[in-house]
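Before any comments, here is the structure.
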Amino acid sequence: IGLLCFAVCLLFDRYSPDTAAKVFLVLNLFVSIAIAKYVAFYPVLIDAGAYAVLLLTVYFIVAGPRLLAATFAVVAVLAREFAIAAIALGMVRDLRRRVPLAVVAGTYAPAITVYFGWRWQVAEHWSSSGGAPLGTHRVPFQAPGTASNPASDRRSVTTTPPSVSCHLIG
């Protein structure tokens, strides 16, 4: 939580020197859902840490240096799936500031590669549908009031990996 507050203050300092507004901003963090429930769910809650990494990523995108922006971008996409928005922010900001494309690609390509590589790894090895993209496995249809014989029902499909057969019976 301290790192999150520090990151918010760093980013706020880039735009305003008003100390009272900064204090108000940090106090507002503590009424957010992620911080308010942090104490109760500490062992499993990753939101506050992910927000801190994401804010530091945005700070380094805005303030530099570019190497830290690239490093934190990779860490951010590993922390939470919505961190790809920080990458989009950095790319659009750089393109609007007319940063050379090679520099933009060198800064954000590692994070984009890690983002899609990690998503593929999760979908391939830890999905509940045996490697199929989430939401693409089929569930058999059986008309209401009809009996099912698993031995002769050709409409049954497996919803588990191919090594294990599981027939759904209605």
Side-chain angles (χ1 to χ4, degrees), residues 1-137 160-162:
I1 295 176
L3 182 62
L4 178 62
C5 293
F6 178 70
V8 165
C9 290
L10 279 176
L11 193 57
F12 189 81
D13 281 341
R14 297 273 308 161
Y15 299 100
S16 174
D18 188 6
T19 305
K22 189 187 315 183
V23 169
F24 182 71
L25 179 64
V26 169
L27 289 176
N28 274 299
L29 283 176
F30 288 96
V31 296
S32 72
I33 295 297
I35 304 299
K37 67 180 183 178
Y38 193 77
V39 176
F41 296 104
Y42 178 77
V44 294
L45 188 66
I46 63 168
D47 291 349
Y51 296 158
V53 169
L54 190 57
L55 269 171
L56 285 171
T57 303
V58 170
Y59 173 75
F60 288 123
I61 287 170
V62 171
R66 191 164 289 277
L67 181 60
L68 281 175
T71 304
F72 271 87
V74 170
V75 174
V77 297
L78 289 172
R80 287 300 286 215
E81 64 280 355
F82 54 79
I84 196 74
I87 309 309
L89 165 84
M91 291 175 63
V92 169
R93 184 175 189 274
D94 282 352
L95 293 175
R96 288 187 60 160
R97 297 179 75 214
R98 302 197 190 286
V99 174
L101 285 176
V103 175
V104 176
T107 303
Y108 302 110
I112 292 170
T113 303
V114 167
Y115 177 82
F116 287 107
W118 181 247
R119 299 292 163 236
W120 174 81
Q121 178 77 9
V122 168
E124 186 68 24
H125 298 287
W126 292 306
S127 72
S128 63
S129 57
L134 295 176
T136 61
H137 58 281
T160 57

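- Under a cut-off of 6.0 angstrom, the local environment of CZ in Phe6 is sparse, with at most 12 non-hydrogen atoms contributed by other residues, nucleotides or ligands.
- Considering only residues two or more places apart in sequence or on other chains, Asp13 meets the side chain to side chain donor-acceptor pair (under 3.5 Å) condition with Lys22.
- Using a 4.5 Å heavy-atom threshold, the side chains of Thr57 and Val77 count as separate.
- In this structure the side chain of Leu54 reaches within 4.5 angstrom of the side chain of Phe82, judged on heavy atoms.
- Within the 4.5 Å cutoff, the side chain of Asn28 has heavy atoms near those of the Val31 side chain.
- Other residues, nucleotides and ligands contribute only 12 or fewer heavy atoms inside 6.0 Å of the CG atom of Leu101.
- Annotation: the span from Leu10 atom CG to Leu55 atom CG amounts to 9.5 Å, rounded to 0.5 Å.
- Taking every heavy atom of both residues into account, Ala7 and Ala52 meet most closely at CB-O, 4.1 Å.
- For the atom pair CD1 (Ile61) and CD1 (Ile87), the distance works out to 5.5 Å, reported to the nearest 0.5 Å.
- Residues Ala83 and Ala76 share a closest heavy-atom pair of CB-O, 3.1 Å.
- Put simply, the side chain of Arg66 reaches to within 4.5 Å of the side chain of Asp94, judged on heavy atoms.
- Smallest separation of non-hydrogen atoms from Arg119 and Glu81: NH2-CA, 3.0 Å.
- Of all non-hydrogen atoms in Phe12 and Ala21, the two that sit nearest each other are CZ-CB, 3.6 Å.
- Applying the side chain to side chain donor-acceptor pair (under 3.5 Å) rule to Thr71 yields no partners; only residues at least two apart in sequence or on another chain are considered.
- Val26 approaches Cys5 most closely through the heavy-atom pair CG1-SG, 3.8 Å.
- Looking at Val62 and Arg93, their side chains come closer than 4.5 Å, going by heavy atoms from C-beta outward.
- Within a 6.0 Å radius of OH in Tyr15, more than 12 heavy atoms belonging to other residues, nucleotides or ligands are found.
- Rounded to the nearest 0.5 Å, atoms CG (Leu67) and CZ (Phe72) are 10.5 Å apart.
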